[in-house]
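The block underneath contains the structure these notes are about, expressed in structure tokens.
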There are 2 protein chains.
Amino acid sequence: MVSIKQAAMKVLTKNTDYAIRALLALASKTGSYVSAKSIATEHDIPYQFLRRLLQEMIRHNLIVSKEGVQGGFMMQKDPDEITVTELIEIFQGKVQVSECMFRKQICGNRARCVLRHEIMRIEQVVQSEFEKVTIGKLLRDLEAANPVKLSSTPITHN
Amino acid sequence: MVSIKQAAMKVLTKNTDYAIRALLALASKTGSYVSAKSIATEHDIPYQFLRRLLQEMIRHNLIVSKEGVQGGFMMQKDPDEITVTELIEIFQGKVQVSECMFRKQICGNRARCVLRHEIMRIEQVVQSEFEKVTIGKLLRDLEAANPVKLSSTPITHN
DNA sequence: TATAACTGATACTATATTGGTATCAATTAA
DNA sequence: TTAATTGATACCAATATAGTATCAGTTATA
Ligand code: FES
Ligand code: FES
């Protein structure tokens, strides 16, 4: 009896995961430029991987950069306006529960298709749940939980 | 400017998608055995792929089978008791928004970690939304929308 | 004004997951 | 006896995710 699936289905990929962490790092130091290198080492994100993510976030006007010595990245968009939904869309594409499932045979009329409605309803729910979570909120929550200092003693878990 | 991601993030994979369709096919013919072949052709699912899915669903006691001529598969579990959540778990693994993100540095105390709470809350929401959708419900909806006959004229869309 | 610390751009590789095929043995109705 | 079926399982292909490498351009500052 060999089962088909065992691992867990990931909703957030590393892209999004790392991007959130990087944004939290930047949001906790608004006004000054933070280098990719320091973010990478402090938050344990592969350097070159992170660079790509940062560039992508520049393109989406979430952050800005300054080249050269003492350069780095800085928050641009209000952290309270950056939702996880937005990040998912940037790094994983639009949330879509399924392509039009049940095409052809089963579903006679796309416009009236109940399945489609059901699916779109869920897409909406998922999306709006992630929309409630902003970088700003996460940061405040983090600071409340870890009042002393962000990134204190490294603790290994998970 | 080469973007990182363009396609959409799929919440349901083909596994789950096909499994749902197959179950709908079986649920609409309770009491009689339906062959994998006929499901495959009628619903446009790759035959061998479908066979694996059906076997997996047997292992999970959703359906039963009969070997030999005139054999096939038949609904076992009450369609109203089969949720999409269950199918996702079988074919895609437990819904998990992210592994423990923000490990080490950022998050000092796993038990108190707010991010973790936020994430688990969303996991719950996603899961419970999919729990509301059962095979039974989908079937009734389908029949209501397509009163005459399941799988009538093939219509190409999507 | 040379240099080292930076980002911009982009190509590349490795690994994992998803999607799909193929094969052969066992069962059973006709 | 045979053809239609499932059981079991190995295999392959395509795609997506994760991570690395390279080189050119910018800039503070020694
Ligand atoms: S599934 Fe395609 S429209 Fe209903
Ligand atoms: S992220 Fe690991 S516990 Fe907070």
Side-chain angles (χ1 to χ4, degrees), chain A residues 1-19 21-22 26 32-41 44-59 63-74 76 88 90-93 96 98-99 101, chain B residues 1-19 21-22 26 32-41 44-59 63-74 76 88 90-93 96 98-99 101:
Chain A
M1 207 223 260
V2 181
S3 237
I4 285 187
K5 192 54 201 214
Q6 58 297 340
M9 146 198 200
K10 284 173 301 183
V11 176
L12 299 189
T13 62
K14 291 285 182 194
N15 273 350
T16 314
D17 180 327
Y18 291 158
R21 292 200 239 165
L26 294 183
S32 51
Y33 287 101
V34 183
S35 76
K37 193 176 171 201
S38 70
I39 298 176
T41 37
D44 204 23
I45 304 175
Y47 176 64
Q48 295 293 1
F49 201 157
L50 174 64
R51 299 260 330 261
R52 276 203 325 220
L53 303 178
L54 290 168
Q55 291 197 13
E56 186 73 11
M57 292 196 277
I58 287 175
R59 290 183 198 118
I63 61 180
V64 289
S65 65
K66 193 178 94 178
E67 285 180 81
V69 178
Q70 301 287 352
F73 301 86
M74 188 167 64
Q76 160 91 327
I88 289 179
I90 291 174
F91 292 110
Q92 303 175 225
Q96 183 181 287
S98 163
E99 306 169 31
M101 37 183 212
Chain B
M1 205 221 259
V2 181
S3 237
I4 285 187
K5 190 61 203 211
Q6 55 303 335
M9 147 196 200
K10 283 173 301 184
V11 176
L12 299 188
T13 62
K14 291 284 182 195
N15 273 351
T16 314
D17 181 328
Y18 290 158
R21 293 200 238 166
L26 295 182
S32 51
Y33 287 100
V34 183
S35 75
K37 193 178 170 200
S38 70
I39 298 176
T41 37
D44 203 23
I45 305 174
Y47 177 64
Q48 295 294 1
F49 199 159
L50 174 64
R51 299 256 334 258
R52 277 204 324 223
L53 303 178
L54 290 167
Q55 291 196 13
E56 185 74 12
M57 292 196 277
I58 288 174
R59 290 184 197 116
I63 61 180
V64 290
S65 67
K66 194 177 94 178
E67 284 181 83
V69 177
Q70 301 287 350
F73 301 85
M74 189 167 62
Q76 160 91 327
I88 289 180
I90 291 174
F91 293 110
Q92 304 175 224
Q96 184 182 282
S98 162
E99 305 169 33
M101 38 180 208

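Basis for what follows: all heavy atoms, side chains included, without hydrogens, waters or symmetry-related copies. In what follows, chains carry the letters A, B, and so on, assigned in the order in which the sequence lines appear, proteins first and then strands, with residues in each chain numbered from 1.
- The separation between L50(B) atom CG and dT18(C) atom C1' is 16 Å, rounded to whole Å.
- For S35(B), the side chain to side chain donor-acceptor pair (under 3.5 Å) partners two or more places apart in sequence, or in a different chain, are S38(B).
- Side-chain N/O atoms of S65(A) include one lying less than 4.0 angstrom from OP1 or OP2 on dG8(C).
- In this structure, the side chains of Q92(B) and L12(B) come closer than 4.5 Å at one or more pairs of heavy atoms.
- If you measure from atom OH of Y47(B) to atom P of dT21(C), you get 13 Å, rounded to the nearest angstrom.
- Here Y33(B) does not reach the OP1 or OP2 of dT6(D): none of its side-chain N or O atoms lies under 4.0 Å away.
- Straight-line distance from the NZ atom of K14(A) to the P atom of dT17(C): 12 Å, rounded to whole Å.
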| query | Could you run down nucleotides 22-30 of chain C 5' to 3' and tag each one B, S or - for protein heavy-atom contact under 4.0 Å? | reply | BB--BBBB-
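- The CG atom of D17(B) sits 13 Å away from the C1' atom of dT18(C) (whole-angstrom rounding).
- You'll find the side chain of E56(B) stays beyond 4.5 Å of the side chain of R52(B), heavy atoms only.
- The side chain of S35(A) contributes no N or O atom lying less than 4.0 Å from OP1 or OP2 of dT7(C).
- Taking atom CD of residue E56(B) and atom P of nucleotide dA8(D), one finds them 11 Å apart after rounding to whole Å.
- Inter-residue side-chain proximity for M57(B) and F91(B) is flagged as met; some heavy-atom pair is nearer than 4.5 Å.
- Within the structure, every side-chain polar atom (N or O) of Y18(A) is placed at least 4.0 Å from both OP1 and OP2 of dA18(D).
- Here I58(A) lies in heavy-atom contact (under 4.0 Å) with sugar-phosphate atoms only.
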